[in-house]
Structure formats: C-alpha cells, structure tokens
Amino acid sequence: QVQLVESGGGLVQPGESLRLSCAASGRTFSSHDMGWFRQAPGKERELVVIIRWTGSSTNWADSVKGRFAASRDNGKKTEYLQMNSLQPEDTAVYYCAAAITYDSGRYCAAYWGQGTQVTVSS
C-alpha cells in the first residue's frame, strides 16, 4: 500500500512558478513509477509526467514541455513537480500518482493523492 499527500498548490499570476510536493508512505515507494496528473474544469484527467523509479522523467504532456520539471527523492519518499512560466491553461487540480500503468489507451494509477488546486490568474 502507498499513501500519497500533495502540497504546494495555490494561486499565482501568469509567468510565475510553483513547486508541488508529494509525500508517500509505504515500503514499496522506490519500486513504483510515480507521476503527476491534472484535471481542469470540464476536462478529463490527463497525464502530466511519469517519473521512473530511477528518477528519469518521461511521457511529458506536450503542453508543459520545457516549462515543468519533475524529480523524486526515494530516500525521502517524495516526488516533486516544478512548474515554471505558468499560464491560465495550467489551472487544474494536480494529482500525485503511484504505480502508473497504460491500459486501453489511457494511463491509470493504482494509488492517488487527494489533489491540490493550482490556479493561474491575473
């Protein structure tokens, strides 16, 4: 079992930055692929990035490439999402996820955090 708790969301202006954190509990954290999803109002939840157990990040959403960075610290059982040059279209609830798989054309996860709101508005 893995429990996930996000933090770091908030309200920022366009062009500003935020860093999300996700603290995990459970013994198998380091063996799982981790990642971040987001869900904007009226839209389906979408994958933002997968962070492999090695620390490498893959499967970036095209809309955030070059602006966001992801990392994890297996010793601290924490993963991070650094979001730079935020735009209003980045407004969403951001979810930390663990044990991500790909099935029937979509990414899913076995474990989810509760979500943290990110709002980008002037």
Side-chain angles (χ1 to χ4, degrees):
Q1 287 288 339
V2 175
Q3 291 79 45
L4 305 171
V5 178
E6 302 100 334
S7 61
L11 172 64
V12 297
Q13 295 187 344
E16 294 186 340
S17 299
L18 275 177
R19 188 194 196 201
L20 305 183
S21 299
C22 174
S25 60
R27 295 184 178 181
T28 58
F29 172 84
S30 62
S31 65
H32 289 306
D33 285 344
M34 304 289 293
W36 293 91
F37 289 72
R38 68 183 183 181
Q39 187 167 17
K43 295 187 177 181
E44 292 189 354
R45 190 174 299 187
E46 65 170 348
L47 176 70
V48 176
V49 63
I50 294 175
I51 310 170
R52 303 298 182 188
W53 66 272
T54 58
S56 63
S57 54
T58 65
N59 300 90
W60 283 102
D62 288 340
S63 58
V64 306
K65 285 180 180 178
R67 299 188 296 121
F68 289 13
S71 61
R72 64 189 288 172
D73 184 330
N74 288 336
K76 294 182 178 180
K77 293 185 179 181
T78 303
E79 65 164 345
Y80 306 94
L81 184 66
Q82 177 66 43
M83 304 184 294
N84 301 321
S85 300
L86 284 161
Q87 300 300 318
E89 52 266 33
D90 295 315
T91 295
V93 177
Y94 284 72
Y95 295 91
C96 174
I100 297 172
T101 57
Y102 186 76
D103 183 36
S104 301
R106 60 184 297 175
Y107 288 97
C108 300
Y111 306 102
W112 295 95
Q114 82 284 359
T116 186
Q117 178 70 45
V118 172
T119 303
V120 185
S121 176
S122 56

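One-based numbering along the sequence shown.
For the pair M34/C96, a side-chain contact is recorded, criterion being any heavy-atom separation below 4.5 Å from C-beta on. Residues L11 and S121 form a side-chain contact, since some pair of their non-hydrogen atoms from C-beta on lies under 4.5 Å apart. Side-chain atoms of Q13 and L86, non-hydrogen and from C-beta on, never get closer than 4.5 Å to each other. In this structure, the side chains of C22 and Y80 stay at 4.5 Å or more apart for every pair of heavy atoms. You'll find the side chain of F68 stays beyond 4.5 Å of the side chain of V49, heavy atoms only.
Closest of all the heavy-atom pairs between S17 and N84 is OG-OD1, 3.0 Å. Heavy atoms only, all atoms of each residue included: L81 and A70 are closest at CD1-CB, 4.3 Å. Taking both residues in full, the closest heavy atoms of S122 and P14 are given as N-CD, 3.7 Å, listed atom of the first, atom of the second, then distance. Among all heavy-atom pairs drawn from A24 and L4, the shortest one is CB-CD2, 3.6 Å. Taking every heavy atom of both residues into account, V2 and A98 meet most closely at CG1-CB, 4.4 Å. Residues K65 and D62 come closest through the heavy atom pair NZ-OD1, 3.1 Å.
A distance of 14.0 Å separates OG in S21 from CZ in R72, rounded to the nearest 0.5 Å. From E79, atom CD reaches atom CG of L20 across 9.5 Å, with rounding to the nearest 0.5 Å. Taken to the nearest 0.5 Å, the CH2 atom of W60 stands 9.5 Å off from the CG atom of L47. Rounded to the nearest 0.5 angstrom, Q82 CD and S71 OG are separated by 8.5 Å. Distance check: H32 NE2 to I100 CD1 gives 11.0 Å after rounding to the nearest 0.5 Å.
For the pairing with F37, the ring-ring contact (aromatic ring centres under 6.0 Å, His included) check across Y95, Y107, W112, Y111 returns one residue only, W112. Put simply, the residue from E6, Q39, R38 that forms a side-chain hydrogen bond (donor to acceptor under 3.5 Å, both in side chains) with Y94 is R38. Of the candidates V120, D90, T119, V12 forms a side-chain contact (heavy atoms from CB on, under 4.5 Å) with just one, namely V120.
Under 3.5 Å, the side chains of N59 and Y102 contain no donor-acceptor pair of N or O atoms.
There is a path of hydrophobic side-chain contacts, each under 4.5 Å, that joins V64 to M83.
For the pair D33 (side chain) and T101 (backbone), a donor-acceptor distance under 3.5 Å is absent.
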